[in-house]
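For reference, positions follow the sequence shown, starting with 1.
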Amino acid sequence: MAVSGVNSDALLAHFGFRDTGVLDAANESLFSIAELGTGWTVLWSNDEAFASDETAALLSQYGPVLAVCVNETCMHSTAVMFENKTSRWRLHHEGDKVLDHLVIEGNLPFQASAMIADFRAKQAHATDVDFMFDIPLEVARSICGFKHDLTELDGIEPAFTVVEAGGQRRQTGLWNRLMGR
C-alpha cells in the first residue's frame, strides 16, 4: 500500500504500528515501511488481505492511496487508486484464467492506455509468458515510482524497515473527536 504526502510516522500511527528500525531489505517481515523520494510512503505487507478496499479507502482521507496486491503463485495482480475515500480506478489481472485477462474499472491515469496497448501487443505474440500480469503493477509504478520486484528507484534502493504492532493507534471517529481523543 502506498500513500502520497503522508510520512511514515503518521501512517504507522494510523495502524498502531511502530518502526523497529531493523532493515528488511527483502521484505520478509509481515509489515515493513519505506519513504520514497517520490513523496510516497510504502507500507509493505506479506498479508494479501491487508491491501483491501476498506483499508485503502480509510487511508485515502490523508492522501491518495495505491493499493497493490501481487500473487505470483497464481499470477494475480491488482492496483487500485483511492482518493477521498473513493475508488478512482482499478486494474485487475488473473493469469490463471486466461493470459489476456484484464478488468478495467474507473478513469485510468492518462499513461495507462499506452501501457495496456504495449503489454497487449507483447501478449499477442507470446503464449508462455504472462505479460498482462505486469499491467497493474507498471501503472502503479508510473504513479508512485515503486514496483515490488525492483530493488532500486532512480538508482536508490528504498530502505524498508520492519514494522510491528505496539505504537499508539490514532483514534478516529466522531465520538473520539468529541471526547478529545
Side-chain angles (χ1 to χ4, degrees), residues 1-48 50-53 55-72 77-93 106-116 118-119 131 133-170 172:
M1 186 124 9
V3 184
S4 178
V6 177
N7 68 29
S8 58
D9 291 336
L11 192 54
L12 295 174
H14 175 83
F15 290 106
F17 291 161
R18 70 177 189 84
D19 189 341
T20 65
V22 176
L23 286 178
D24 188 18
N27 299 102
E28 294 175 336
S29 64
L30 183 57
F31 291 99
S32 56
I33 196 163
E35 290 183 11
L36 307 179
T38 60
W40 289 78
T41 300
V42 175
L43 180 57
W44 177 289
S45 176
N46 283 310
D47 176 2
E48 284 183 49
F50 178 74
S52 70
D53 284 357
T55 301
L58 188 61
L59 278 179
S60 72
Q61 68 186 317
Y62 305 115
V65 172
L66 270 169
V68 177
C69 190
V70 178
N71 185 323
E72 293 176 333
S77 60
T78 304
V80 185
M81 171 65 88
F82 279 85
E83 292 179 291
N84 300 315
K85 298 185 179 181
T86 303
S87 173
R88 299 297 180 204
W89 57 263
R90 173 186 310 271
L91 288 166
H92 176 70
H93 171 70
N107 297 316
L108 297 177
F110 72 92
Q111 68 273 32
S113 294
M115 296 171 82
I116 291 168
D118 287 346
F119 281 105
F131 287 106
F133 174 81
D134 277 323
I135 292 173
L137 310 176
E138 288 293 345
V139 171
R141 181 181 121 171
S142 74
I143 294 168
C144 72
F146 180 77
K147 187 169 177 261
H148 75 290
D149 59 353
L150 299 178
T151 58
E152 291 186 357
L153 172 66
D154 294 331
I156 300 170
E157 187 173 337
F160 280 91
T161 53
V162 176
V163 169
E164 60 186 26
Q168 186 66 28
R169 185 176 175 91
R170 176 177 290 161
T172 59

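Listed by chain and residue number, nothing satisfies the ring-ring contact (aromatic ring centres under 6.0 Å, His included) test with Phe119 (two or more places apart in sequence, or in another chain). Evaluation of the side chain to side chain contact (heavy atoms under 4.5 Å, CB included) rule for Ala140 yields Leu66, Val68, Ala79 as partners, not counting sequence neighbours. For Ser113, there are no side chain to side chain contact (heavy atoms under 4.5 Å, CB included) partners, not counting sequence neighbours. Looking at residues two or more places apart in sequence or on another chain, you find no side-chain hydrogen bond (donor to acceptor under 3.5 Å, both in side chains) involving Ser45. Under the rule for a side-chain hydrogen bond (donor to acceptor under 3.5 Å, both in side chains), the partners of Thr161 that lie at least two apart in sequence or sit in another chain are Asp19. Thr78 is linked by a side-chain hydrogen bond (donor to acceptor under 3.5 Å, both in side chains) to His92, counting only residues two or more places apart in sequence or in another chain. Remark: Glu28 engages no residue in a side-chain hydrogen bond (donor to acceptor under 3.5 Å, both in side chains) (not counting sequence neighbours). By the side chain to side chain contact (heavy atoms under 4.5 Å, CB included) test, Ala56 is found to be paired with Met1, Val65, Ala67, Phe82, residues two or more places apart in sequence or in another chain being considered. Legend: residues meeting ring-ring contact (aromatic ring centres under 6.0 Å, His included) with Phe131, ordered by chain and number and at least two apart, are absent. Residues satisfying the salt bridge (Lys or Arg N to Asp or Glu O under 4.0 Å) test with Asp134, not counting sequence neighbours, are Lys147.
A pairwise comparison of heavy atoms in Val80 and Ser87 identifies CG1-OG, 3.7 Å as the closest pair. Across all their heavy atoms, Asn27 and Ser32 have their closest contact at ND2-OG, 3.0 Å. Between Asp24 and Ser29 the shortest heavy-atom distance is OD2-OG, 2.7 Å. Pairing each heavy atom of Trp40 with each of Met81, the nearest pair is CH2-CE, 4.1 Å. Val139 approaches Ser142 most closely through the heavy-atom pair O-OG, 2.6 Å.
Applying the salt bridge (charged side-chain N to carboxylate O under 4.0 Å, His left out) rule to pairs touching residues 81-91 yields Asp53-Arg90, Glu83-Arg88, Arg90-Glu105, sequence neighbours excluded.
Residues Val70 and Asp149 form no side-chain contact, since every pair of their non-hydrogen atoms from C-beta on lies 4.5 Å or further apart. The side-chain heavy atoms of His148 and Glu72, taken from C-beta on, include a pair separated by under 4.5 Å. Counting heavy atoms from C-beta on, the side chains of Thr55 and Phe15 come closer than 4.5 Å.
Distance check, rounded to the nearest 0.5 Å: CG of Leu43 to CG of Leu12 gives 6.5 Å. For the atom pair CD1 of Ile33 and CG of Asp9, the computed distance is 8.0 Å after rounding to the nearest 0.5 Å. Here the OG-CG distance, from Ser4 to Leu59, works out to 12.5 Å after rounding to the nearest 0.5 Å. Within the model, atoms CG of Asn71 and CZ of Phe133 stand 8.0 Å from one another, a figure rounded to the nearest 0.5 Å. Rounding to the nearest 0.5 Å places CG of Leu91 at 9.5 Å from CG of Leu137.
Remark: side-chain polar atoms of Thr20 are paired, donor with acceptor, to backbone N or O of Val162 under 3.5 angstrom. The backbone N or O of Trp89 lies less than 3.5 Å from no partner atom in the side chain of Asn107, so there is not a single donor-acceptor pair.
Atom CG of Asp47 has more than 12 heavy atoms from other residues, nucleotides or ligands within 6.0 Å.
Using cut-offs of 30° and 60° on the angle between ring planes, the pair His14 and Tyr62 is perpendicular. Ring geometry, Trp44 versus Phe160: the interplanar angle exceeds 60°, so the pair is classed perpendicular (tilted spans 30 to 60°). By the 30° and 60° cut-offs, the orientation of the rings of Phe31 relative to Phe50 is perpendicular.
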